[in-house]
Amino acid sequence: MWKTMELWMETLKYHEGRTILLAPKPAHAPSKAIAFYNPRMAFNRDISVLTLKAHIKIVSGEGLRICDAMTGVGARGIRYAREVEEVSEVVLNDLNPIALQFAEYNSHLNKVNEKTRIVHDEANRALSLASTPDSRFDLVDLDPFGTPVPYIDSGVRALKIEGIFAATATDLPVLQGIHPRAADRRYGASIYPTDYGHELAIRVLIQKIIRVAAAHELASYPIFCYYADHYVRVNLTLKRGKENINSLLDQIGYVEHCHECGYRKSLLHLNEFSKLCPICRRELKLIGPVWLGPLFDETYCRNMLGLVATVPLREENRIRKFLSLTLEEVNSPALFYSLSSICDRLNIPQKGLLGVVDDLRKLGYRASRTHIKGDAVKTDAPINVVEEVLKP
Ligand SMILES: C[S@@+](CC[C@H](N)C(=O)[O-])C[C@H]1O[C@@H](n2cnc3c(N)ncnc32)[C@H](O)[C@@H]1O
Ligand SMILES: [Zn+2]
């Protein structure tokens, strides 16, 4: 049966890493396709393969079991099966039976059909069926249309301690605060649009996952969480221990933000909220709750960078540059300033980013570039200091 796939609809073959993927010829939007495959997400899947490989180096592991809960044509799950030796079983689950025909075809095409199991189920149900201790997975991957929130609870319950909880969110307008009521409903957070909205998006999603896991007495540590293209992707690993959970919750806080002058500050406690901007005296907005701890674990970033040469990557240079930036960002403060936003507002020419990072460090502040935006600096310096550094 699997060999006849190409005959009954127009298809294309794509190469990603060491994997070949057959998918329906693209519709005008991937989400409108008869079965979902988006070649532009290859970067996301490349990073997923590198994250899992790094994880295996760090915590070791054999016979790993993975649930690709929304597999589409199987792209991500089949890449795990084909490109990560230590993987012994991948559940390729989807609600769309046509997508699953492609997933089955692609499993055979890549000779991993003995490692994959095709499951036609609703993601929450498939994950809930794996919530007993002996059936949990080493990696749960959530890649829905839009928000992963409805699947976090079942995803966490289906994951082993030291496993990876991986999720993509494409509902960036909500996560950046363009739809504050939806942000409240989905993430239980107050968010307003800012020029660092992509940073907030990552941090709002992380706090939600930490909270859901905490309710199950599980500590979920961010290991590699980023923004790229039109989505946020997070990877967290589970540990036990009340102290671990409490110390994660202690790093969930707020941001006070001034829409007038661009002042922003992260706050660990609500009672630190100043209400009025210390610079221009306008009323401040309170954003949050948001995760204020690290987005990346340095050991993961280093290992992933070291592993780049082991996977054939179409965008190898982009990935190297991206991973180097995440390494710079490992110990940086939570928020960034966009230099172009400040320079436009002050009507001054823009200075080089590296010079600005250097100047802020010389003044005793922490400062680094960020993977999120090419012209932005992450720093604990207040905005008036950044402005002084930028002035000609
Ligand atoms: C963004 S696509 C997945 C893409 C895929 N992971 C990849 O990397 O190419 C989302 C998929 O989720 C499936 N889906 C949506 N809601 C679902 C649910 N509740 N349970 C299972 N699958 C679902 C859709 O059929 C679609 O194939
Ligand atoms: Zn202000």
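For ligands, and for the atoms within them, numbers begin at 1 and follow the listed sequence. None of the values given here were measured: they were computed from a predicted structure.
- Of the N and O atoms on the side chains of Thr147 and Tyr187, at least one donor lies less than 3.5 Å from an acceptor on the other residue.
- Of all the atoms in ligand 1, the ones that sit under 4.0 Å from a non-hydrogen atom of Asn96 are 25 (O).
- Neither the backbone nor the side chain of Asn38 comes within contact range of ligand 1; no heavy atom lies under 4.0 Å.
- In terms of polar-atom proximity, defined here as any N/O pair under 3.5 Å, Phe145 makes no such contact with ligand 1.
- Residue Asp94 places at least one N or O, backbone or side chain, under 3.5 Å from an N or O of ligand 1.
- Between Lys160 and Asp138 there is a salt bridge, since a side-chain N of the basic residue sits under 4.0 Å from a carboxylate O of the acidic one.
- Heavy atoms from both the backbone and the side chain of Ala123 come within less than 4.0 Å of ligand 1.
- In terms of heavy-atom proximity, Met304 sits nearest to Thr51 at CE-OG1, 3.3 Å.
- Among all heavy-atom pairs drawn from Tyr263 and Cys277, the shortest one is CB-SG, 3.8 Å.
- With no hydrogens or angles considered, no side-chain donor-acceptor pair links Arg79 and Asn110 at under 3.5 Å.
- Of the protein's non-hydrogen atoms, Asp143 O, 3.3 Å is the one closest to atom 10 (C) of ligand 1.
- Asn124 and Ser154 share a side-chain donor-acceptor pair at under 3.5 Å.
- Residue Arg76 places a heavy atom under 4.0 Å from ligand 1.
- Scanning the protein heavy atoms around atom 2 (S) of ligand 1, the nearest turns out to be Phe36 CD2, 3.4 Å.
- Only the backbone of Asp121 comes within contact range of ligand 1, with a heavy atom under 4.0 Å; no side-chain atom does.
- For the pair Lys285 and Tyr192, the cation-pi test (distance below 6.0 Å, angle within 45°) is passed.
- Those atoms of ligand 1 that come under 4.0 Å of a heavy atom in Ala75, given as number and element, are 9 (O).
- The closest side-chain donor-acceptor pair between Glu83 and Thr19 falls under 3.5 angstrom.
- With hydrogens left out, the protein atom closest to atom 12 (O) of ligand 1 is Met70 CB, 3.2 Å, a heavy atom.
- Side chains of Ser48 and Arg233: a donor-acceptor N/O pair is present below 3.5 angstrom, by distance only.
- Scanning the protein for heavy atoms near atom 16 (N) of ligand 1, the closest one is Tyr151 OH, 4.0 Å.
- At the shortest separation from atom 17 (C) of ligand 1 among protein heavy atoms lies Leu95 CD1, 3.7 Å.
- Aromatic ring centres of Phe145 and Phe36 lie closer together than 6.0 Å.
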Item to complete: Check the pair Arg40 / Asp229 against salt bridge (charged side-chain N to carboxylate O under 4.0 Å, His left out), numbers first and verdict last.
Response: CA-CA 9 Å; Arg40 290 196 318 167; Asp229 301 326; over 6 Å; no
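- Which parts of ligand 1 touch Glu122 is read off a 4.0 Å heavy-atom cut-off, strictly below it: atoms 18 (C), 19 (N), 20 (N).
- Here Cys261 contributes SG and Cys280 contributes SG, and at the Zn ion (ligand 2) these two atoms make an angle of 120°, given to 10°.
- When distances to the Zn ion (ligand 2) are checked against a cut-off of 2.8 Å, His259 contributes no N, O or S atom below that limit.
- Of all the heavy atoms of Arg45, the ones lying under 4.0 Å from any atom of ligand 1 belong exclusively to the side chain.
- The atoms of ligand 1 that sit less than 4.0 Å from any heavy atom of Gly72 are 27 (O).
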